[in-house]
There are 2 protein chains.
Amino acid sequence: MYLRSLLDVAELNLPTISSDRLAGMAGVNAAKVRKDLSYLGTYGTRGVGYDVEYLLYQISRELGLTQDWPVVIVGVGNLGSALANYGGFTRRGFRVVALFDIDPRKVGTAVDGLRILALDDLEAVVAEAGVSIAVLTTPAGAAQAVADRLVSAGISSILNFAPTVVSVPEHVHLRKVDLSMELQILSFYQQREAGILSASTLGPRSA
Amino acid sequence: MYLRSLLDVAELNLPTISSDRLAGMAGVNAAKVRKDLSYLGTYGTRGVGYDVEYLLYQISRELGLTQDWPVVIVGVGNLGSALANYGGFTRRGFRVVALFDIDPRKVGTAVDGLRILALDDLEAVVAEAGVSIAVLTTPAGAAQAVADRLVSAGISSILNFAPTVVSVPEHVHLRKVDLSMELQILSFYQQREAGILSASTLGPRSA
DNA sequence: GCATGTGAATAGATTCACAGCG
DNA sequence: CGCTGTGAATCTATTCACATGC
């Protein structure tokens, strides 16, 4: 979050930024900004703030963004192909090196200039390109089997979009993006408000 | 998460489930399951567990999934069209009623049977279909302006996919899905491990 | 004087552990 | 006896508040 805010600040050619201002941009508390940044080192200057360029570099380095990360996407449905095209990935060190799908009708076709390969080529591509991060966009039913295969192919980080719990060994990093869960959470808040509203309209009990 | 696990359990025709088993499926601690569910009511039976169907219904109701939620998607790029097609939304009470885009070349064409409308039609559609939830899939630069417009059109929940901070009034619910941030977090862990690994390979200082 | 860096205080979430009920 | 429901304990995150240094 700070990285993103700092990129905006850098665009404005401001040389330094205070924790207070950065907090405002990132939508958090100023003390939190300082505490968070203090874990990286003491990069600020009292009475002045943080040097924008320097802090940008330090955060990028800490996040591992100063190096190039080849990624593979497995499951080329709507979401998979959207992600293959997604500029946000390539814009920061993430390079999609291959797409995989089981469907033989898709294999051999291309999305955004990337050929779709058969799952059988997974191990070879991972090894050859030194891929450690995979994006999992298969249907829920296939996710665990594909995850297992990714792990045994040597992948050590998985970003899972399949709406199901996926288990991986201790040493593999797993993150989940659950799109319908996000909408469900919004629905929950909506629902709750509707409840409060109607409850307070039910007569004597309001007040 | 519990809802999803319970749907799987229901499919197996198991009549009840213990907090322990549900915890295993959802990937959390059993005490947490019980505490979480206790906030909804006392739906379990000591010595037995939770009635699957009953709990399913209670959670669905609490999440507002027993009603139909019309949603609009604004910004029909790769991601927007992927989401328009996304089965996970429609499968649970979320019905995409319209797509919007500024690009006049897109307006009038259709994605997955849904016509793409001009932003000018937003207010009318929101009012007519009683839409309260919007999905924001514009580029970062347009996100805030579109969010403002969504809010003044009467939207009270926004799911933001644009990689930027969006501000909304107090009463509007906002959630964010930041795809490249997810990859950056994975990159961070990878990076950190690489660091530890090489540090412990640097000679005398290891041990 | 201004803004960082950080111990201390607070708030919040998770887990423990066990009484209580079916 | 098994499993829930929940106070108490613990662990983690956030915020306060101020000494410190430019």
Side-chain angles (χ1 to χ4, degrees), chain A residues 1-3 5-6 9-10 12 14-59 62-63 165 167 170 173-176 178 181 184-185 188-189 192, chain B residues 1-3 5-6 9-10 12 14-59 62-63 165 170 173-176 178 181-182 184-185 188-189 192:
Chain A
M1 273 164 26
Y2 301 142
L3 179 70
S5 302
L6 286 168
V9 174
L12 302 171
L14 299 174
T16 63
I17 186 163
S18 68
S19 60
D20 195 47
R21 207 152 131 51
L22 185 51
M25 298 185 71
V28 299
N29 179 294
K32 182 168 203 298
V33 171
R34 295 201 297 276
K35 175 91 42 172
D36 286 346
L37 296 182
S38 78
Y39 292 117
L40 306 183
T42 70
Y43 297 142
T45 309
R46 290 165 193 240
V48 178
Y50 300 88
D51 182 276
V52 174
E53 285 300 332
Y54 187 57
L55 190 55
L56 257 179
Y57 172 72
Q58 292 299 341
I59 294 181
E62 193 75 28
L63 290 176
V165 175
S167 312
E170 187 80 13
H173 303 287
L174 177 69
R175 289 191 60 88
K176 188 183 64 170
D178 193 322
M181 197 173 291
Q184 289 175 19
I185 292 167
F188 166 69
Y189 288 118
R192 198 172 54 165
Chain B
M1 274 163 26
Y2 301 143
L3 179 70
S5 302
L6 287 168
V9 174
L12 302 171
L14 299 175
T16 64
I17 187 165
S18 67
S19 60
D20 195 48
R21 205 151 135 51
L22 186 51
M25 298 184 71
V28 299
N29 180 294
K32 183 168 202 297
V33 171
R34 294 200 297 276
K35 178 121 342 189
D36 286 345
L37 296 182
S38 78
Y39 291 117
L40 306 183
T42 70
Y43 297 143
T45 309
R46 290 164 193 239
V48 178
Y50 300 88
D51 182 276
V52 174
E53 286 299 334
Y54 187 57
L55 189 54
L56 257 178
Y57 171 72
Q58 292 299 341
I59 294 181
E62 193 75 27
L63 290 176
V165 175
E170 187 80 13
H173 303 288
L174 177 69
R175 290 192 59 88
K176 187 184 65 171
D178 193 322
M181 197 173 289
E182 295 296 329
Q184 289 175 17
I185 291 167
F188 166 70
Y189 288 118
R192 198 172 54 163

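In what follows, every chain begins at residue 1, and chains take the letters A, B, ... in the order their sequences are listed. We use all heavy atoms of the structure for the numbers below, so side chains are in, but hydrogens, waters and symmetry mates are not. Everything numeric here is computed off the predicted structure, so don't read it as measured data.
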**Student:** Give the intermediate values and the outcome of side chain to side chain contact (heavy atoms under 4.5 Å, CB included) for residues Tyr50(B) and Arg34(B).
**Tutor:** CA-CA 10 Å; Tyr50(B) 300 88; Arg34(B) 294 200 297 276; 3.8 Å; yes

**Student:** To the nearest Å, give me how far apart CG (Leu22(B)) and P (dG5(D)) are.
**Tutor:**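 Interatomic distance, CG of Leu22(B) to P of dG5(D): 12 Å.
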
**Student:** dT15(C) phosphate, OP1 or OP2: any side-chain N/O from Lys32(B) under 4.0 angstrom?
**Tutor:**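 For dT15(C), neither OP1 nor OP2 has a side-chain N or O of Lys32(B) closer than 4.0 Å.
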
**Student:** Between Arg21(A) (CZ) and dT4(C) (C1'), how many Å, whole number?
**Tutor:**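 About 17 Å, once rounded to whole Å.
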
**Student:** Would you say Asn29(A) places a side-chain N or O within less than 4.0 Å of OP1 or OP2 belonging to dA13(D)?
**Tutor:**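 Checking dA13(D) against Asn29(A), no side-chain N or O comes under 4.0 Å of OP1 or OP2.
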
**Student:** If I compare all heavy atoms of Glu53(A) with all of Ala10(A), which pair ends up nearest, and what's the gap?
**Tutor:**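 Glu53(A) and Ala10(A) have their closest heavy atoms at OE2-CB, 3.9 Å.
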
**Student:** For the base of dG2(D), is there a side-chain donor-acceptor partner from Arg46(B) under 3.5 Å away?
**Tutor:**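 Between dG2(D) and Arg46(B), which were checked side chain against base, a qualifying N/O pair under 3.5 Å is absent.
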
**Student:** How do Ala31(B) and Lys35(A) order along DNA chain D: which one's closest nucleotide is nearer the 5' end?
**Tutor:**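 This one resolves to Ala31(B).
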
**Student:** Separation of Leu40(A) atom CG from dT4(C) atom P, in whole Å?
**Tutor:**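 Result: 15 Å.
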
**Student:** Please determine, for the side chain of Ser38(A), which listed nucleotide (dT15(D), dT6(C), dT6(D)) has the closest atom?
**Tutor:**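 Side chain of Ser38(A) sits closest to dT6(C).
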
**Student:** Let's see if you can work this out: which of dC16(C), dT4(D), dT4(C) has an atom nearest to the side-chain heavy atoms of Ser19(B)?
**Tutor:**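 Among the listed nucleotides, the one closest to the side chain of Ser19(B) is dT4(D).
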
**Student:** Which label fits Tyr189(A) and His173(B): parallel for a plane angle under 30°, tilted from 30 to 60°, or perpendicular past 60°?
**Tutor:**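 If you compare the ring of Tyr189(A) with that of His173(B), the planes turn out parallel.
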
**Student:** Hey, what do you get for CG (Asp51(A)) to CG (Leu14(A)), rounding to the nearest 0.5 Å?
**Tutor:**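 Atom-to-atom, Asp51(A):CG and Leu14(A):CG are 11.5 Å apart.
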
**Student:** Counting only side-chain heavy atoms from C-beta out, which of dC16(D), dT4(C), dC22(D) sits nearest to Thr45(A)?
**Tutor:**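 Output: dC22(D).
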
**Student:** When all nucleic acid strands are considered with a 4.0 Å heavy-atom cut-off, which category describes Tyr43(B): base, sugar-phosphate, or nothing?
**Tutor:**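 Sugar-phosphate, no base atom in range.
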
**Student:** Out of dA17(D), dT15(C), dG5(C), which nucleotide sits closest to the side chain of Tyr50(A)?
**Tutor:**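 Selected nucleotide: dG5(C).
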
**Student:** What's the OH-P distance between Tyr39(B) and dA13(C), to the nearest Å?
**Tutor:**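 Tyr39(B) atom OH is separated from dA13(C) atom P by 8 Å.
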
**Student:** Looking at every heavy atom in both Leu37(B) and Tyr2(B), which two are closest together, and how far apart are they?
**Tutor:**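 Reported closest heavy-atom pair: CD2-CD1, 4.1 Å.
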
**Student:** Atom CZ of Arg34(A) and atom P of dT4(C): how far apart are they, to the nearest Å?
**Tutor:**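 Between P of dT4(C) and CZ of Arg34(A): 6 Å.
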
**Student:** Roughly how many Å is it from CG in Asp20(A) to P in dG5(C), rounded to a whole number?
**Tutor:**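 To the nearest whole Å, that distance equals 14 Å.
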
